[in-house]
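In what follows, a single structure is set out as structure tokens and then discussed.
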Amino acid sequence: PLNNFFFLLPTHQTNLDIPRTRPALSLLAYCSYHNQDYARAAEFYEELVALCPETEEYQLYFTQSLVMAESFLDATRVSSAITSSSSLSQRWLLLKAQAELEEGLLSASSSTLARCMEDDPETILSLAAVEYRAGKYSNALEKYRIAKEIMGNLPMLSYFTALCHYKLGQYDLAMDLVDGIIAVMREEQLGTDNPKFWQQESTFVVEAFNLKAALCHEEKQYHAAKDVLKELCELHDDENLDTITIHNDAIINLEKDPSVGMQKLSYLLSNASFPPETLGNLLTVYVSHGQEDASAELFESNKQHINGLTPPVLYAYLNATIL
């Protein structure tokens, strides 16, 4: 009878069943990395480093996977094995500097970048990032200007330049730049068969929309800020929104429905990669809407790192209010 089939059922397999050969590990590492499973990719590249210690590329990819997995301490440790004679020394140093930057080691990152090629655009961009993290926004602007002369008028450079102007309170200059990014997106969208091409990281459209909303909010144009984020959410079809957009949408639409805003911020806080501002903002919302028990519970459960995630003035205010 046609229904009498015998099916092969999968048996339980462990990691030991995966062939530990160089081609297999290399393919698994590559696929894991491009699947954005960076921690898994790092595990495979670590095995490849042990299997082929003479291959510098595997050491480089191992470090890069650790950086993408936000294991910055491990990335710094691994990248310390760099030698100046290495043909990959520039890329090694840039990864090491990035790991140090993310750890908050600005001086160490700056020292590492001093060993890089000065005229390499990646070096200039990394130096700009260090200046920005240090709050030296004018210095960062100058670095981005130099990078623009070398690389051209890229959306990335326009966005980071706008961000520096925003931090310096130069809202008109920042607005012109983000409007330019969004205008290019709208123009290109009319001439492409892929309506969501703008979601590629290289376009910086999502970042531009969020920065425009922040600019409108700073200038007390609250309705305009809401319209900007509404358009962004519609472009996404309200699906797969990034954490920054969810956070900003919750803050800007807080007056409309505080409970929804609280839910969104709580949702973000339950994820490991929440925006640093989320905790302080959620506590502020709880306090300002009479949620004393919720604010006290949240404050107590996050006491170990709340001081590092909130400005000193806000921390003191929240601590005093909750007490």
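Source: prediction; values computed, not measured. We use all heavy atoms of the structure for the numbers below, so side chains are in, but hydrogens, waters and symmetry mates are not.
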>> Tell me whether Leu127 shares a hydrophobic cluster with Tyr159, the cluster being built from Ile, Leu, Val, Met, Phe, Trp, Tyr side chains joined at under 4.5 Å.
In response: no
> Nearest heavy-atom pair of Ala174 and Tyr166: which atoms, and what distance?
Replying inline: CB-N, 3.9 Å
> Any idea which heavy atoms bring Ala213 and Ile252 closest together, and the distance?
Replying inline: CB-CD1, 3.8 Å
Please list every donor-acceptor pair under 3.5 Å in which a side-chain atom of residues 308-323 meets a protein atom from a residue at least two apart or in another chain.
residue	atom	partner	partner atom	Å
Thr310	OG1	Ile306	O	2.9
Thr321	OG1	Tyr317	O	2.7

> Is there a donor-acceptor pair closer than 3.5 Å between any side-chain N or O of Thr112 and the backbone N or O of Ala97?
Replying inline: no
>> Rounded to the nearest 0.5 Å, what separates atom CZ in Phe62 from atom CD in Glu57?
In response: 15.5 Å
>> Assess, by modelled atom type and distance only, whether the side chains of Gln98 and Ser126 contain a donor and an acceptor separated by less than 3.5 Å.
In response: no
Let me check something: any side-chain donor-acceptor pairs from residues 278-292 under 3.5 Å, sequence neighbours excluded? List them with distances.
residue	atom	partner	partner atom	Å
Thr278	OG1	Pro275	O	2.8
Asn281	ND2	His247	NE2	2.9
Asn281	ND2	Glu277	O	3.3
Thr284	OG1	Gly280	O	2.7
Tyr286	OH	Ser266	OG	3.4
Ser288	OG	Thr284	O	2.9
Ser288	OG	Val285	O	3.1
His289	ND1	Val285	O	3.0

> Restricting to pairs with a member in residues 119-129, which pass salt bridge (charged side-chain N to carboxylate O under 4.0 Å, His left out), not counting sequence neighbours?
Replying inline: none
> Considering only heavy atoms from C-beta outward, does the side chain of Leu60 approach that of Tyr45 to under 4.5 Å?
Replying inline: no
>> Counting neighbours of NZ on Lys136 that are heavy atoms of other residues, nucleotides or ligands and sit closer than 6.0 Å, is the number greater than 12?
In response: no
>> Go through it in stages, so that I can follow the logic: the residues are Leu298 and Leu269, the test is side chain to side chain contact (heavy atoms under 4.5 Å, CB included), and I'd like the CA-CA distance, side-chain angles, deciding distance and then a yes or no.
In response: CA-CA 10 Å; Leu298 183 63; Leu269 208 57; 3.5 Å; yes
> If we only count heavy atoms from C-beta on, is the Leu265 to Ile251 side-chain gap below 4.5 Å?
Replying inline: yes
>> If the threshold is 4.0 Å, N to carboxylate O, is there a salt bridge linking Asp227 and Lys230?
In response: no
>> Side chains of Thr243 and Asn271 only: does a donor on one sit below 3.5 Å from an acceptor on the other?
In response: no
> Is there a side-chain contact between Met185 and Thr203, using heavy atoms and a 4.5 Å cut-off?
Replying inline: no
> Take atom NE2 in His223; do more than 12 heavy atoms of anything else shown fall under 6.0 Å from it?
Replying inline: no
>> Between Tyr171 and His165, does the side chain to side chain contact (heavy atoms under 4.5 Å, CB included) criterion hold? Intermediate values first, please.
In response: CA-CA 7 Å; Tyr171 298 151; His165 285 308; over 6 Å; no
> For Ala39 and Ala69, which heavy atoms make the closest approach, and how far apart are they?
Replying inline: N-CB, 3.8 Å
>> Going by side-chain hydrogen bond (donor to acceptor under 3.5 Å, both in side chains), Thr123 matches just one of Arg115, Glu118, Gln90. Which one?
In response: Gln90
>> Closer than 3.5 angstrom, by distance alone: can the side chain of Asn253 be matched with the main-chain N or O of Lys256 as a donor-acceptor pair?
In response: no
>> With a 3.5 Å distance limit and no angle check, can you tell me whether Thr245 reaches the backbone of Leu241 through a side-chain donor-acceptor pair?
In response: no
>> Within this structure, what is the CD-CG distance for the pair Glu218 and Leu211, rounded to the nearest 0.5 Å?
In response: 10.0 Å
> How would you list all residue pairs meeting salt bridge (charged side-chain N to carboxylate O under 4.0 Å, His left out) that involve residues 152-180, not counting sequence neighbours?
Replying inline: Asp179-Lys212
>> Under the salt bridge (charged side-chain N to carboxylate O under 4.0 Å, His left out) definition, can you give me all pairs with a residue in residues 306-320, not counting sequence neighbours?
In response: none
> If you look at every heavy atom in Ile181 and Pro155, which pair is closest and at what distance?
Replying inline: CD1-O, 3.7 Å
>> Check the orientation of Tyr38 and Tyr33. Use parallel for under 30°, tilted for 30 to 60°, and perpendicular for over 60°.
In response: perpendicular
> Should Val178 and Phe209 be regarded as members of a common hydrophobic cluster, given that ILVMFWY residues are connected when their side-chain heavy atoms come within less than 4.5 Å of each other, either directly or indirectly?
Replying inline: yes
> Can you name the residues that form a side-chain contact (heavy atoms from CB on, under 4.5 Å) with Ala224, not counting sequence neighbours?
Replying inline: Cys216, Gln221
>> Let's go through Leu113 and Ser109 carefully: what are the C-alpha distance in whole Å and the side-chain angles of both, what is the deciding distance for side chain to side chain contact (heavy atoms under 4.5 Å, CB included) to 0.1 Å, and is it a yes or a no?
In response: CA-CA 6 Å; Leu113 290 170; Ser109 182; 4.2 Å; yes
> Shared ILVMFWY cluster between Leu106 and Tyr132, side chains joined below 4.5 angstrom?
Replying inline: no
> Are Arg22 and Tyr58 close enough that a side-chain donor and a side-chain acceptor fall under 3.5 Å?
Replying inline: yes
> Is it the case that one hydrophobic cluster holds both Val228 and Leu163, taking links as side-chain heavy atoms less than 4.5 Å apart, direct or via other members?
Replying inline: yes
> Got a second to check how far Leu173's CG is from Met175's CE, nearest 0.5 Å?
Replying inline: 11.5 Å
>> Could you walk me through whether Thr55 and Leu48 satisfy the side chain to side chain contact (heavy atoms under 4.5 Å, CB included) test, starting with their C-alpha distance in whole Å, then the side-chain angles of each, then the deciding distance to 0.1 Å, before giving a yes or no?
In response: CA-CA 9 Å; Thr55 306; Leu48 284 165; over 6 Å; no
> For the residue pair Ala75 and Thr63, what are the closest heavy atoms and their distance?
Replying inline: O-CG2, 3.8 Å
> With a 4.5 Å heavy-atom cut-off, do Gln263 and Tyr267 have their side chains touching?
Replying inline: no
> Does the side chain of Asn210 come within less than 4.5 Å of Val206's, by heavy atoms?
Replying inline: yes
>> Lys264: which residues meet the side-chain contact (heavy atoms from CB on, under 4.5 Å) condition with it, sequence neighbours left out?
In response: Ile246, Asp249, Ala250, Val260
>> Applying salt bridge (charged side-chain N to carboxylate O under 4.0 Å, His left out) as the test, list every pair that has at least one member in residues 308-323; sequence neighbours left out.
In response: none
Without placing hydrogens or testing angles, list every side-chain donor-acceptor pair under 3.5 Å for residues 138-146, not counting sequence neighbours.
residue	atom	partner	partner atom	Å
Glu142	OE1	Arg145	NE	3.1
Glu142	OE2	Arg145	NE	3.2
Glu142	OE2	Arg145	NH2	2.4
Arg145	NH1	Glu149	OE2	2.5

> Looking only at heavy atoms, which two atoms of Thr76 and Ala99 are closest? And how far apart?
Replying inline: OG1-CB, 3.5 Å
Considering only distance and modelled atom types, tabulate donor-acceptor pairs under 3.5 Å from the side chains of residues 23-32, sequence neighbours left out.
residue	atom	partner	partner atom	Å
Ser32	OG	Leu28	O	2.8

>> Taking Glu102 first and then Arg133, would you say they form a salt bridge - that is, a charged N and a carboxylate O separated by under 4.0 Å?
In response: yes
>> Side-chain heavy atoms under 4.5 Å apart, restricted to Ile/Leu/Val/Met/Phe/Trp/Tyr: what other residues fall into the cluster of Tyr222, or is it alone?
In response: none
>> Does atom CD (Glu297) have a neighbourhood of more than 12 heavy atoms from anything else shown, all under 6.0 Å?
In response: no
> Do the charged groups of Glu56 and Arg91 touch, with an N to O distance under 4.0 Å?
Replying inline: no
>> Please say yes or no: joined through hydrophobic side-chain contacts below 4.5 Å, possibly via intermediate residues, are Leu73 and Val78 part of one cluster?
In response: no
>> Applying side-chain contact (heavy atoms from CB on, under 4.5 Å), can you list everything that pairs with Met156, at least two apart in sequence or on another chain?
In response: Leu125, Met151, Leu154, Phe160, Phe204
